[in-house]
There are 2 protein chains.
Amino acid sequence: MNPTAIAEGLAWSIDGCTIGRAMEVLGEKWTVVVLREIFNGLRRFDDMRVRTGIPRQVLANRLAMLVDQGILRRVPYREPGARERHEYRLTPKGLDFYPVLITLLEWGNRYLSDPEGPPLRFVHRECGADVHAEVHCADGHLVENRRDIVPRPGPGARRR
Amino acid sequence: MNPTAIAEGLAWSIDGCTIGRAMEVLGEKWTVVVLREIFNGLRRFDDMRVRTGIPRQVLANRLAMLVDQGILRRVPYREPGARERHEYRLTPKGLDFYPVLITLLEWGNRYLSDPEGPPLRFVHRECGADVHAEVHCADGHLVENRRDIVPRPGPGARRR
DNA sequence: CAGTATCCCAAGCGATACTG
DNA sequence: CAGTATCGCTTGGGATACTG
């Protein structure tokens, strides 16, 4: 299949492809770093700020945006003697985002690490082994070669 | 485990966490859309431009950056009668990025689709079934609950 | 067709100061 | 501690014109 044939084979529209939409949420430099911290267990503004070095204003913006998108929710709490505050927790939509973080970390650790190795890993709680993502098809086959994956128009696709 | 304990448990540095580095590559709005097109089989400047609607200059910048990062490579070709041109193809580093695209699309299709459904799917070439990413640990267990995944310092981590 | 060269504008970043 | 308010700066986005 030559390139032009490929291009013609793709004559259905990908307007509104959800990868593009996802990147509008994630596309800002710090967003995924904030999510990483929350997956790591942090919930409070200053913990995140100190650990990541994000400027206050940027952190506040990102958290507000993530709440807005339904990825985080603010949960009020009160420590003895202090006024009410909020912490940030993942919603189901946010929790379902973790495979993206896993694949990102896996790729980054492989190709972008310093010589000493990566500073962060994700491991399985029970056995302590590193986790990684495998691509399967709905019939259960493991997809080893990325050439076995082909794009297809979904129900929301439009002909051009 | 209360939030403060969590925060203390994470007192190792994540400076240079590769998720952050990966986002410096991907963090610009159009980068992942360009990669999606290339995974879809497009290789040529104008095909990508027409299909995605990216401004010329932005597309040129993104392609140059991706070549710079070793994710794409420029391959010269010559059509009969025309002068030499280049097409853009994935390097191994770029090919290994596809699990990230799969998980992004999966998440986006689930949470960001229009009511009609998603415009793009990825399917297994042989059986036509949708592909999706599964998280496994190195011992082979399927990790179903994201609470079974815990962060750990890697060899490149530094105590604060 | 496959890009460069320019230009303008908006948005994001980062620092600092302030508030309850 | 958990943010808001402000501000200057830089970067990226988008449009238009030009080139081999």
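What's counted below: heavy atoms across the whole structure, side chains too, no hydrogens, waters or symmetry copies.
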*Asks:* Under the side chain to side chain contact (heavy atoms under 4.5 Å, CB included) rule, what do B:Tyr88 and B:Arg44 come out as? Steps first, then yes or no, please.
*Replies:* CA-CA 7 Å; B:Tyr88 297 87; B:Arg44 298 187 180 179; over 6 Å; no
*Asks:* Are any non-hydrogen side-chain atoms of A:Trp107 and B:Thr18 less than 4.5 angstrom apart?
*Replies:*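 Contact flag for A:Trp107/B:Thr18 side chains = no.
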*Asks:* Under 3.5 Å, which donor-acceptor pairs link side chains of residues 91-104 of chain A to any protein atom two or more places apart or in another chain?
*Replies:*
residue, atom, partner, partner atom, Å
A:Thr91, OG1, A:Gly70, O, 2.5
A:Thr91, OG1, A:Ile71, O, 3.1
A:Thr91, OG1, A:Lys93, N, 3.4
A:Thr91, OG1, A:Gly94, N, 3.1
A:Lys93, NZ, A:Gln69, O, 2.8
A:Asp96, OD2, B:Arg110, NH1, 3.0
A:Asp96, OD2, B:Tyr111, OH, 2.5
A:Thr103, OG1, A:Pro99, O, 3.1
A:Thr103, OG1, A:Val100, O, 2.9
A:Thr103, OG1, B:Thr103, OG1, 3.1

*Asks:* Between A:Arg73 and A:Leu90, does a side chain to side chain contact (heavy atoms under 4.5 Å, CB included) hold up when you go through it step by step?
*Replies:* CA-CA 6 Å; A:Arg73 63 202 162 96; A:Leu90 293 158; over 6 Å; no
*Asks:* Let me spell it out: for each of A:Gly53 and A:Glu28, pick the nucleotide of DNA chain C with the closest heavy atom. Which residue's pick is nearer the 5' end?
*Replies:* A:Glu28
*Asks:* Relative to the 5' end of DNA chain D, which residue comes earlier, A:Arg85 or A:Gln57, by the nucleotide with the nearest heavy atom?
*Replies:* A:Arg85
*Asks:* For residues 122-130 of chain A, which side-chain N or O atoms pair as donor and acceptor with protein atoms under 3.5 Å away, sequence neighbours left out?
*Replies:*
residue, atom, partner, partner atom, Å
A:Arg125, NE, B:Arg147, O, 3.1
A:Arg125, NH2, B:Arg147, O, 2.9
A:Asp130, OD1, A:Arg121, NH1, 2.6

*Asks:* Given atom CZ of B:Arg49 and atom C1' of D:dG14, what is their separation to the nearest angstrom?
*Replies:*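 Going from B:Arg49 (CZ) to D:dG14 (C1'), I get 13 Å.
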*Asks:* Could you name each residue pair satisfying side chain to side chain donor-acceptor pair (under 3.5 Å) that touches residues 131-144 of chain B, not counting sequence neighbours?
*Replies:*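 Pairs touching residues 131-144 of chain B that pass the test: A:Glu134-B:His136, A:His136-B:Glu134, B:Glu134-B:His136.
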*Asks:* Please report the distance, rounded to the nearest Å, between CE in B:Met65 and P in D:dT11.
*Replies:* 15 Å
*Asks:* D:dG12 P sits how many Å from B:Glu24 CD, rounded?
*Replies:*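 It works out to 11 Å between those atoms.
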*Asks:* How would you give the extent of chain A contacts on DNA chain C, as first and last nucleotide 5' to 3' within a 4.0 Å heavy-atom cut-off?
*Replies:*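 Extent of the interface on DNA chain C: C:dG12 to C:dG20.
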*Asks:* For A:Trp30 and for B:Ala60, locate the closest nucleotide of DNA chain C by heavy-atom distance; then report the residue assigned to the nucleotide nearer the 5' terminus.
*Replies:* B:Ala60
*Asks:* Over how many whole Å does the gap from B:Arg62 atom CZ to D:dG13 atom P extend?
*Replies:* 5 Å
*Asks:* Which donor-acceptor pairs under 3.5 Å do side chains of residues 53-62 of chain A form with protein atoms, sequence neighbours excluded?
*Replies:*
none

*Asks:* Mind checking which stems touch DNA chain C? I mean at least 3 consecutive Watson-Crick or G-U pairs, both distances under 3.5 Å.
*Replies:* C:1-20 with D:1-20
*Asks:* Less than 4.0 Å between a side-chain N and a carboxylate O, is that true for B:Glu87 and B:Arg85?
*Replies:*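 No, B:Arg85 and B:Glu87 are not salt-bridged.
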